[in-house]
Amino acid sequence: MALSESVTTCLSPAVHYMICDLGFEKTETYDINNIVSENGEIRWQAITDHICYLESDQIVDYIKSIRSLGPVCASVNLHFKSMTKEQFVAQYALWFQWTNYTELCLEVFDVLQYTQTTEIALGLMKLTSCLERALGDVYLLIGKDCPFLLRDLLISEELAVIFGQTAMNVLRIFIGSPYGLNLRNVLWHGFASPQEIPVKYCAMLLFLTAGLGQLLQTYLLQTKHILIHRPYMTFISLEELNIFPDLNHETLALTEELVKLSSFVLKTMLPFWLAALTAFKQGRYADCMILLLPQLEVGLRLLFTATNKCPNRLLTAEVSLSIKSMLAKHLNNEEINQLPLVLEEPTMASEFLWDFLNHQEGPRVRDHLSHGEINLKTFPREVANQILAFAVTLLCRFSDEDMIAFKEHGVIKPLMNCASCYCSRFHPISRLKKQVLECMKSIHLWSELPVVPEEQVQAIKRFEGNAETTSAFVSKTSEILSQLYQYMPHNCHSSDDPVNSDQTDRLLTKLCDMRICTLYSPRSVLEIVVVLRKIITQCHQVSGQVIASIELRYKQWINKSLRSRQRQNYLRMLNSIKFLLPVLRLILVLITLELVNIHLVDKKNAFDYQQYLKFLKSILQYTENLVTYTNPEKNKWDETMELTNKALAKIKSFSDKKLTLMQLAT
């Protein structure tokens, strides 16, 4: 990791030239009055005149355009520096309202006055994410599905119609095109150090944001459209993100020393790390994450390039080396990626990174931040604490041996212990486990539901004969469960009474506690998991409907507000749930045992795999029908009996043929 000392830039020579030198080659000055009028109207023509195009067609010549715009950017920067905060607010604040975050734009103006390089970079990252979100809102004035990537958004016909193509061309010179300055990606992916971002480009982007606001107002007045801002996303179930203990002042003080010594930190990037720690101490948790997340990517890229012996991939600003590709099993040449091996226990780093940054059901912190989808003012401390604590463990892991005192320190060691036993929480396999346990708890509530006294049920002669049928269903379910229990893992003891609810719940809990590999899950595994999750979703919905129906009908029964037909339906329901309860538990056990053995699916040949998939889809169809039949508006309780009988027959037949994954394991 000696690279951390020797690397002076992560920008390739071409990109370094474009960002740091090209816009400074022309030294003439521009009169700001040619660019903005006395009343603050931005003269777009004076800016677009500097856009150069290739001779063959109307494709932007980025090199010539950046060179020509350099002095314009410098003039805008000097203009802002010459203004007081009151003057700036009076002249420009109105034109930032379309971003839905005027406060941020005013904050960036303040940063421009002091030109601290780290704050300039932070301001640019926040401004680009805010601008992207606002442009997406504008796109939706006339478009339908907003593009996910900024580059696709900026080349859309919709924005060209609203702002004009030339204005979009100007914007793409600064952000959104890999052929331009590409300031957003260069910063958000950690390629640029603080001193490599010219202040004048931050000023120019702020200026253009106001100019776009003016263009948008003209469009809105002409079309009578109303701009609607999409709501911010919010993190839910924060308790699921609670892995590491809370970072206290002592831990943060030690971390400040650690970043100066760890080989995980590029020395040119040290100001970002220190600024992130300062932001956390000050309660600016979004700022902390915006500064820290790109640096985690830099550190991982440093490890990746060193362990895979490809140092050239460190020095580029092309986002071909994403976190996903760095954590992949294989390199582009199909050789084994060494980074996960260097990370030792993949659960420590790979699974955490996948969980917090990549998995669709995880918090995806960087995606949401970089695309402007989060309210920066209310970013939760809980999330920032977890990612910063994880970063501390990487700083310790990749440091010299003489830093053992840090690793064994009383406030650092608990973090290391938490990291070493981390298990994925947001991989589809992990989410399926969570679904099973939630469904199990829901079904367990059935036993606590109020029911009509048995003597009142027996008073209606029509249902006296159903006891034998129900008993037959329970017996058949018990028989299948007994068969499945033969394939339990050795550490899971099966029950002597297969339909015993408490023992089944304990068994399911123990099965869900078993560790299942989530990294590098093949497509076949993920395809099966999707079907299994759908089955559990339907079972949970059935349970919820049953609970709601029983509670309602019981209340109506007690109040004697049920008509004759409703009483009949209520008693059919009470009869049906006697066999539905063990059947749903059977499905939970079946699904969970299959999940425990999920990676054996690759042992099936193509034909057997399709047969297995067909079987699971038949169970899914059964549960979907159950959702329909148990719907309070349908009340098709008699039909559930025939439906369940067929489903049990399919499960038994498939099990008899030993085609399940659990049977492959023996």
Side-chain angles (χ1 to χ4, degrees), residues 428-429 432-433 435-436 439-440 443 469 472-489 492 494-495 498-499 504 507-508 511-512 514 516 521-540 542 579-629 639-666:
I429 286 176
L432 175 52
K433 287 182 179 181
Q435 283 181 267
V436 167
C439 186
M440 177 193 79
I443 293 172
T469 307
F473 270 110
V474 174
S475 177
K476 186 182 293 186
T477 304
S478 179
E479 180 186 349
I480 298 173
L481 274 169
S482 296
Q483 190 173 7
L484 297 184
Y485 283 173
Q486 298 175 33
Y487 305 101
M488 286 287 169
C492 295
S494 58
S495 167
V499 294
T504 302
L507 178 64
L508 287 170
L511 287 171
C512 287
M514 292 181 66
I516 303 172
S521 297
R523 182 177 177 180
S524 56
V525 166
L526 296 176
E527 185 177 25
I528 296 300
V529 169
V530 166
V531 181
L532 297 180
R533 293 188 68 184
K534 287 180 179 178
I535 293 172
I536 297 299
T537 298
Q538 300 302 312
C539 289
H540 201 160
V542 169
F579 64 80
L580 279 182
L581 179 61
V583 169
L584 288 180
R585 281 211 169 92
L586 164 63
I587 292 175
L588 286 183
V589 171
L590 171 65
I591 296 304
T592 311
L593 281 172
E594 293 302 272
L595 176 61
V596 168
N597 296 286
I598 191 68
H599 288 285
L600 294 177
V601 74
D602 272 351
K603 288 190 176 182
K604 288 183 175 288
N605 59 39
F607 176 79
D608 287 344
Y609 176 80
Q610 289 303 320
Q611 290 298 108
Y612 181 64
L613 192 58
K614 184 178 178 181
F615 163 69
L616 292 180
K617 287 182 176 180
S618 72
I619 303 302
L620 174 59
Q621 183 65 60
Y622 164 69
T623 56
E624 288 172 341
N625 289 338
L626 269 188
V627 169
T628 301
Y629 291 170
E639 287 87 340
T640 60
M641 191 171 293
E642 181 181 354
L643 188 70
T644 301
N645 192 37
K646 291 179 180 178
L648 288 175
K650 286 181 181 178
I651 295 174
K652 188 169 190 318
S653 173
F654 205 78
S655 178
D656 288 342
K657 295 175 183 177
K658 299 188 182 300
L659 297 175
T660 62
L661 297 180
M662 69 186 91
Q663 291 164 319
L664 274 178
T666 58

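Each residue takes its place number in the sequence, starting with 1. These values consider heavy atoms only, across backbone and side chains, with no hydrogens, waters or symmetry-generated copies.
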Using side-chain contact (heavy atoms from CB on, under 4.5 Å), reason through K433 and T592 one step at a time and then give a plain yes or no.
CA-CA 8 Å; K433 287 182 179 181; T592 311; over 6 Å; no
Inter- and intrachain pairs under salt bridge (Lys or Arg N to Asp or Glu O under 4.0 Å), touching residues 587-603, at least two apart:
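Found none.
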Looking only at atom types and distance, does a side-chain atom of [X] sit under 3.5 Å from a main-chain N or O of [Y], one as donor and one as acceptor?
{"X": "S655", "Y": "K652", "value": "no"}
{"X": "T644", "Y": "M641", "value": "no"}
{"X": "N597", "Y": "L600", "value": "no"}

Verdict with reasoning, Y485 to L507, per side-chain contact (heavy atoms from CB on, under 4.5 Å)
CA-CA 10 Å; Y485 283 173; L507 178 64; 3.4 Å; yes
Let me see the working for E527 and R523 under salt bridge (Lys or Arg N to Asp or Glu O under 4.0 Å), right down to the final yes or no.
CA-CA 6 Å; E527 185 177 25; R523 182 177 177 180; 5.7 Å; no
Between [atom1] on residue [X] and [atom2] on residue [Y], distance to nearest 0.5 Å:
{"X": "L593", "Y": "M514", "atom1": "CG", "atom2": "CE", "value": "9.5 Å"}
{"X": "I429", "Y": "I598", "atom1": "CD1", "atom2": "CD1", "value": "6.5 Å"}
{"X": "L508", "Y": "L588", "atom1": "CG", "atom2": "CG", "value": "5.5 Å"}
{"X": "T640", "Y": "F579", "atom1": "OG1", "atom2": "CZ", "value": "3.5 Å"}
{"X": "L580", "Y": "R585", "atom1": "CG", "atom2": "CZ", "value": "12.0 Å"}
{"X": "Y629", "Y": "E639", "atom1": "OH", "atom2": "CD", "value": "6.0 Å"}

Got a sec, which residues hit salt bridge (charged side-chain N to carboxylate O under 4.0 Å, His left out) with K617, two or more places apart in sequence or on another chain?
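Once residues adjacent in sequence are excluded, K617 has no partner under the salt bridge (charged side-chain N to carboxylate O under 4.0 Å, His left out) criterion.
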Quick one: ring pair (Phe, Tyr, Trp, His ring centres under 6.0 Å) partners of Y622, sequence neighbours excluded?
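If we apply the ring pair (Phe, Tyr, Trp, His ring centres under 6.0 Å) test to Y622, skipping adjacent residues, there are no hits.
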What are the two closest non-hydrogen atoms of [X] and [Y], and how far apart are they?
{"X": "F654", "Y": "Q663", "answer": "O-OE1, 4.3 Å"}
{"X": "P582", "Y": "T477", "answer": "O-CG2, 3.4 Å"}
{"X": "L584", "Y": "L626", "answer": "CD2-CD1, 4.3 Å"}

Checking side-chain polar atoms at under 3.5 Å, does D656 have a donor or acceptor matched by the opposite partner on Q483?
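Side-chain D/A pair, D656 to Q483: present.
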Distance alone, cut at 3.5 Å: any donor-acceptor contact between the side chains of E479 and S482?
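Their side chains do not contain a donor-acceptor pair, so the 3.5 Å distance test is not met.
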Set of side-chain contact (heavy atoms from CB on, under 4.5 Å) partners for K657, sequence neighbours left out
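Applying side-chain contact (heavy atoms from CB on, under 4.5 Å) to K657 gives S653, L659.
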With side-chain contact (heavy atoms from CB on, under 4.5 Å) as the criterion, how do L648 and L586 come out once you've worked through the C-alpha distance, each side chain's angles and the decisive distance to 0.1 Å?
CA-CA 9 Å; L648 288 175; L586 164 63; 3.5 Å; yes
If we check side chain to side chain contact (heavy atoms under 4.5 Å, CB included) with L590, which of these qualifies: L484, I480, L616, L481?
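Testing each of L484, I480, L616, L481 against L590, the sole residue satisfying side chain to side chain contact (heavy atoms under 4.5 Å, CB included) is L484.
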Side-chain contact, heavy-atom cut-off 4.5 Å: [X] with [Y]?
{"X": "V542", "Y": "T623", "answer": "no"}
{"X": "V436", "Y": "C439", "answer": "no"}
{"X": "L511", "Y": "P489", "answer": "yes"}

Evaluation steps, side-chain contact (heavy atoms from CB on, under 4.5 Å), between L664 and K604
CA-CA 9 Å; L664 274 178; K604 288 183 175 288; 4.0 Å; yes
Which pairs count as ring pair (Phe, Tyr, Trp, His ring centres under 6.0 Å) when at least one residue sits in residues 593-613, sequence neighbours excluded?
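Every pair satisfying ring pair (Phe, Tyr, Trp, His ring centres under 6.0 Å) with a residue in residues 593-613: there are none.
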Determine all donor-acceptor pairs shorter than 3.5 Å in which one atom belongs to a side chain in residues 529-536; sequence neighbours excluded.
| from | atom 1 | to | atom 2 | distance (Å) |
| --- | --- | --- | --- | --- |
| R533 | NE | Q435 | OE1 | 2.6 |
| R533 | NH1 | E361 | OE2 | 2.5 |
| R533 | NH2 | E361 | OE1 | 2.9 |
| R533 | NH2 | E361 | OE2 | 3.2 |
| R533 | NH2 | Q435 | OE1 | 3.3 |

